[in-house]
Amino acid sequence: MRKQTFSRLAFAALAPLAFSIAAPSSGAKPAGTLSKLPALGVDANHVTVSGLSSGGFMAAQFSVIHSSKVSGVGIVAGGPYGCGLLGLTVVQTCMTGSPSGSGARLAAQINEMSGLIDPLANVKGQRVYLFRGASDTVVGQGALDALRDFYKGVGVPTENLQYLASFPAEHAFLSLTARSTCAYLGGPYVNHCGADGTVGGLPRYDQPGAILTKVLGGTITPPATKLSSTPQAFAQSPYLSPLSAMATTGYVYVPKPCSTAGANCRIHVVFHGCEQAAAYTGDAVYGQLGYNAWADTNRVVVLYPQVEKSTLSGNPMGCWDWWGYTGAFATRYGPQTQSVQAMIDQLAQTGS
């Protein structure tokens, strides 16, 4: 099963790139029945992001591209900025080989000189959480090491950089409430670890809490035992750049204290992994993973953008673009980066 899952994930990266327009999915809701994102006046200058697998690659990319606005990043089983810039020839190296942290830094420096990303010096001030399960059979240790080397190389201080690689987990987000056990590999790629004897009887690991604790900085309030609101679907279409290959529907969690403009709340963006969009896993990420309970008590709006599956676009498993199927993915002009930024900008507005 593990070999089969890895081969399917690899196929997502190695699929033909001949077409750039996503085909519609039967699992997506019609955008015309959904509302737009609300204008809440969130703080768009201290955004935090996180993601799993392709979403981890995307979180790394987004945090470097918009480093003047991103203050913290959590990466689970992802890889370094720009690792896929050479396309298909380096996909396997990025995932399971030994990608170069210094090479990622050089790629960022080149794009910085070209004005394609924010000044790299901003990354020094980011708070960084890096995680790969020691039993991960999809993304190798080399990817996490390259991430660590990249962030050290650009000057992130030791106290701002958390590196976790010994936890015996498979390829998944780790949640307090997940049904799948620590060693399970498969959808919805949300597992639980601990308390069941898999990690020496330790309590279950609350990864959303660990990520938010690190990336938000300072002391944060424990999670809510009962949510003040519910996650809502919204129409992504108004914010999508051409060729983004993203879904028509996205999700957002707005705590009740953040539901009116001027509430001065922060924003956290969660990038799902391959085959992990809501069209295929329901609310496993946007509703059950655990971010919302922490967001509720810490005045954080959580945005869950969604990517579409499409063989035509070279993305049959619904992965975020980190190898070029949408074009200039590692720059501010990347269609997916532009689309997510447009969503953040809308949430930051104070008018209708």
Side-chain angles (χ1 to χ4, degrees), residues 35-52 55 58-59 62-63 66-76 122 125-129 159-160 162 173-177 205-234 236 239 250-272 278 283 285-306 340-352:
S35 20
K36 294 174 64 177
L37 282 168
L40 300 174
V42 299
D43 183 357
N45 293 314
H46 296 88
V47 175
T48 55
V49 298
S50 62
L52 166 70
M58 183 64 181
F62 194 91
S63 64
H66 289 299
S67 62
S68 64
K69 297 180 179 179
V70 175
S71 57
V73 55
I75 302 168
V76 181
N122 295 322
Q126 291 179 349
R127 295 176 292 273
V128 181
Y129 169 102
E159 61 270 22
N160 282 3
Q162 187 173 8
F173 273 127
L174 302 184
S175 170
L176 291 177
T177 59
Y205 186 59
D206 181 359
Q207 194 161 60
I211 289 173
L212 290 179
T213 297
K214 184 61 180 179
V215 302
L216 293 178
T219 302
I220 69 173
T221 305
T225 55
K226 183 178 180 181
L227 296 183
S228 65
S229 184
T230 56
Q232 298 295 321
F234 69 91
Q236 287 195 149
Y239 315 104
Y251 297 85
V252 64
Y253 181 73
V254 182
K256 188 174 181 180
C258 301
S259 61
T260 57
N264 194 30
C265 291
R266 291 174 284 188
I267 183 168
H268 184 79
V269 182
V270 178
F271 295 106
H272 62 74
D283 69 345
V285 175
Y286 77 80
Q288 299 184 46
L289 183 52
Y291 280 98
N292 299 341
W294 286 91
D296 220 39
T297 53
N298 289 282
R299 302 176 68 85
V300 178
V301 173
V302 189
L303 178 66
Y304 299 93
Q306 305 285 298
V340 173
Q341 186 59 51
M343 297 175 197
I344 294 171
D345 291 343
Q346 172 61 25
L347 289 168
Q349 295 295 315
T350 54
S352 57

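This structure is a prediction, so every number in the text was calculated from the model and none was measured.
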Heavy-atom donor-acceptor pair, Gln306 side chain to Ala278 backbone, under 3.5 Å
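Checking the backbone N and O of Ala278 against the side chain of Gln306, a donor-acceptor pair under 3.5 Å is found.
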Under 3.5 Å, side chain of Arg127 to main-chain N/O of Gly74, donor-acceptor pair present?
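Flag not set: sc Arg127 to bb Gly74 has no pair under 3.5 Å.
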Within-4.5 Å side-chain heavy-atom neighbours: [X] and [Y]:
| X | Y | value |
| --- | --- | --- |
| Lys36 | Tyr239 | yes |
| Val285 | Val270 | yes |
| Gln236 | Pro305 | yes |
| Tyr253 | Pro231 | yes |
| Ile344 | Val269 | yes |
| Leu347 | Asp345 | no |

Sequence neighbours left out, what passes side-chain hydrogen bond (donor to acceptor under 3.5 Å, both in side chains) with [X]? Give chain and number order.
| X | result |
| --- | --- |
| Thr219 | none |
| Asn122 | Ser67 |
| Gln126 | none |
| Gln162 | none |

Which class fits the ring pair Tyr286 and Tyr251: parallel under 30°, tilted 30 to 60°, perpendicular over 60°?
parallel
Could you tell me which residues satisfy side chain to side chain contact (heavy atoms under 4.5 Å, CB included) with Asn45, sequence neighbours excluded, listed by chain and number?
Asp43, Lys69
Residue pairs involving [range] (criterion side chain to side chain donor-acceptor pair (under 3.5 Å); sequence neighbours excluded):
| range | result |
| --- | --- |
| residues 220-229 | Ser228-Asp296 |
| residues 258-271 | Thr48-His268, Ser50-His268 |
| residues 206-218 | Tyr129-Gln207, Asp206-Trp294 |

Which pair of heavy atoms, one from [X] and one from [Y], lies closest together, and at what distance?
| X | Y | value |
| --- | --- | --- |
| Pro255 | Ala295 | CG-O, 3.6 Å |
| Ile75 | Ala59 | CG1-CB, 4.4 Å |
| Val49 | Ser63 | CG2-CB, 4.3 Å |

Partner set under ring pair (Phe, Tyr, Trp, His ring centres under 6.0 Å) for Phe62, not counting sequence neighbours:
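With sequence neighbours excluded, Phe62 shows a ring pair (Phe, Tyr, Trp, His ring centres under 6.0 Å) to His66, given in chain and number order.
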My understanding is that only residues two or more places apart in sequence, or in another chain, count here; which of them pass ring pair (Phe, Tyr, Trp, His ring centres under 6.0 Å) with Phe173?
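Phe173 satisfies ring pair (Phe, Tyr, Trp, His ring centres under 6.0 Å) with no other residue.
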Tell me, with the steps shown, if Val215 and Val73 meet side-chain contact (heavy atoms from CB on, under 4.5 Å).
CA-CA 6 Å; Val215 302; Val73 55; 5.5 Å; no
Any chance you could measure [X], atom [atom1], to [Y], atom [atom2], to the nearest 0.5 Å?
| X | Y | atom1 | atom2 | answer |
| --- | --- | --- | --- | --- |
| Tyr304 | Phe271 | OH | CZ | 13.0 Å |
| Asn298 | Cys265 | CG | SG | 10.5 Å |
| Met343 | Leu37 | CE | CG | 7.0 Å |

Val302 vs Asn292, side-chain contact (heavy atoms from CB on, under 4.5 Å): CA-CA, chis, key distance, verdict:
CA-CA 7 Å; Val302 189; Asn292 299 341; 4.2 Å; yes
List the steps, then state whether side-chain contact (heavy atoms from CB on, under 4.5 Å) holds for Ile211 with Tyr291.
CA-CA 9 Å; Ile211 289 173; Tyr291 280 98; 3.4 Å; yes
Yes or no on side-chain contact (heavy atoms from CB on, under 4.5 Å) for Leu40 and Val301, after CA distance, side-chain angles and deciding distance?
CA-CA 9 Å; Leu40 300 174; Val301 173; 4.1 Å; yes
